[in-house]
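What follows is one structure encoded as structure tokens, with my remarks underneath.
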Amino acid sequence: MNYIESNLQPGEEIKYVAKLHFFLFLQPIILLLLGWWLYGSETAVLHYGGIFLLFIGVVSLIQRIMVKIGSAYAVTNKRVVLKTGVISRKAVDLVLAKCEGLHIKQSVLGRIFGFGTITVTTGGVTSSYPYIADPLAFRREINMQIG
């Protein structure tokens with residue numbers, strides 16, 4: 001049972017679950033490919049640079065996998081639940097009636113490939129969640145539950 005299902009209140013049902021977009025893994029993949037390419041070089045500087053990029057790429061990939069595993073974003077009929085973290089946890093439960101602001105930021109690539117950053121504002125506290133797949137559907141579901 002995941003975090004959201006285990007923390008549902010009586011009479012509460014999940015209406016929408018947001019997923020993280022694959023672009024979360026773009027940076028580590030590029031680092032690993034570039035590192036692999038440079039690793040095969042005959043020049044010592046490029047060879048060691050390739051080893052360094054491979055190391056950074058593996059660390060970045062592990063970090064991004066942990067983000068993917070530890071993230072849960074959902075809209076229920078009573079609230080918005082945003083949770084990140086595997087070892088340490090950061091969770092925001094926003095009651096729909098007190099929803100102050102939900103901002104969506106999409107870059108050009110985000111608009112083309114369908115991902116963006118959701119920023120939630122509640123009580124003066126701002127929390128941002130990047131690489132959300134189809135953030136407009138997430139906002140639309142929140143608005144449908146409020147209205």
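It should be emphasised that the depicted structure is a prediction, and the values quoted were computed from it without experimental measurement.
For the pair Glu13 (side chain) and Thr76 (backbone), a donor-acceptor distance under 3.5 Å is absent. Distance alone, capped at 3.5 Å, is enough to place a donor-acceptor pair between the Ser41 side chain and the Thr43 backbone. Counting only distance, with no hydrogens or angles, the side chain of Ser60 and the backbone of Ile56 share no donor-acceptor pair below 3.5 Å.
Annotation: side chain of Tyr39 is in contact with side chain of His47 (closest heavy-atom distance under 4.5 Å). Using a 4.5 Å cut-off on side-chain heavy atoms (C-beta onward), Asn2 and Lys83 make no contact. Side-chain contact between Leu136 and Arg139: present, with at least one pair of heavy atoms (C-beta onward) separated by less than 4.5 Å. Side-chain atoms of Val92 and Tyr129, non-hydrogen and from C-beta on, do get closer than 4.5 Å to each other.
For the atom pair CD1 (Ile51) and CG (Leu38), the distance works out to 10.5 Å, reported to the nearest 0.5 Å. Here the CG-CD1 distance, from Leu34 to Ile29, works out to 13.5 Å after rounding to the nearest 0.5 Å. The distance from the CG atom of Leu61 to the CD atom of Gln63 is 9.5 Å, given to the nearest 0.5 Å. Of the inter-residue distances, the one linking Ile87 atom CD1 with Arg89 atom CZ reads 12.0 Å to the nearest 0.5 angstrom. Distance check: Leu32 CG to Trp36 CH2 gives 10.0 Å after rounding to the nearest 0.5 Å. Of the inter-residue distances, the one linking Asn7 atom CG with Asp93 atom CG reads 7.0 Å to the nearest 0.5 angstrom.
When the shell of 6.0 Å around NZ of Lys105 is examined, it contains 12 or fewer heavy atoms from other residues, nucleotides or ligands.
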If you apply the rule side chain to side chain contact (heavy atoms under 4.5 Å, CB included), what do you find for Val95 with Lys78, and how did you get there?
CA-CA 6 Å; Val95 178; Lys78 296 183 179 181; over 6 Å; no
Where do Thr117 and Ile104 land on the side chain to side chain contact (heavy atoms under 4.5 Å, CB included) test, with the steps shown first?
CA-CA 6 Å; Thr117 299; Ile104 295 174; over 6 Å; no
Gln9 and Arg79: CA distance, side-chain angles, deciding distance, side chain to side chain contact (heavy atoms under 4.5 Å, CB included) verdict:
CA-CA 10 Å; Gln9 299 168 356; Arg79 61 193 169 126; 4.0 Å; yes
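Checked against Phe55 for a side-chain contact (heavy atoms from CB on, under 4.5 Å), the options Val59, Val58, Leu53 give a single hit: Val59. Tested against Ser128, the residues Leu82, Thr119, Ile118, Val120 include a single side-chain contact (heavy atoms from CB on, under 4.5 Å) partner, Thr119.
Aromatic pair Phe138/Tyr73: centroids not less than 6.0 angstrom apart.
Of all heavy-atom pairs between Ile14 and Glu5, the closest is CD1-CG, 3.9 Å.
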Could you list the donor-acceptor pairs under 3.5 angstrom formed by side chains in residues 16-27, with sequence neighbours left out?
from	atom 1	to	atom 2	distance (Å)
His21	ND1	Phe23	N	3.0
His21	NE2	Phe113	O	2.8
Gln27	OE1	Arg64	NH2	2.4

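Legend: residues meeting salt bridge (Lys or Arg N to Asp or Glu O under 4.0 Å) with Asp134, ordered by chain and number and at least two apart, are absent.
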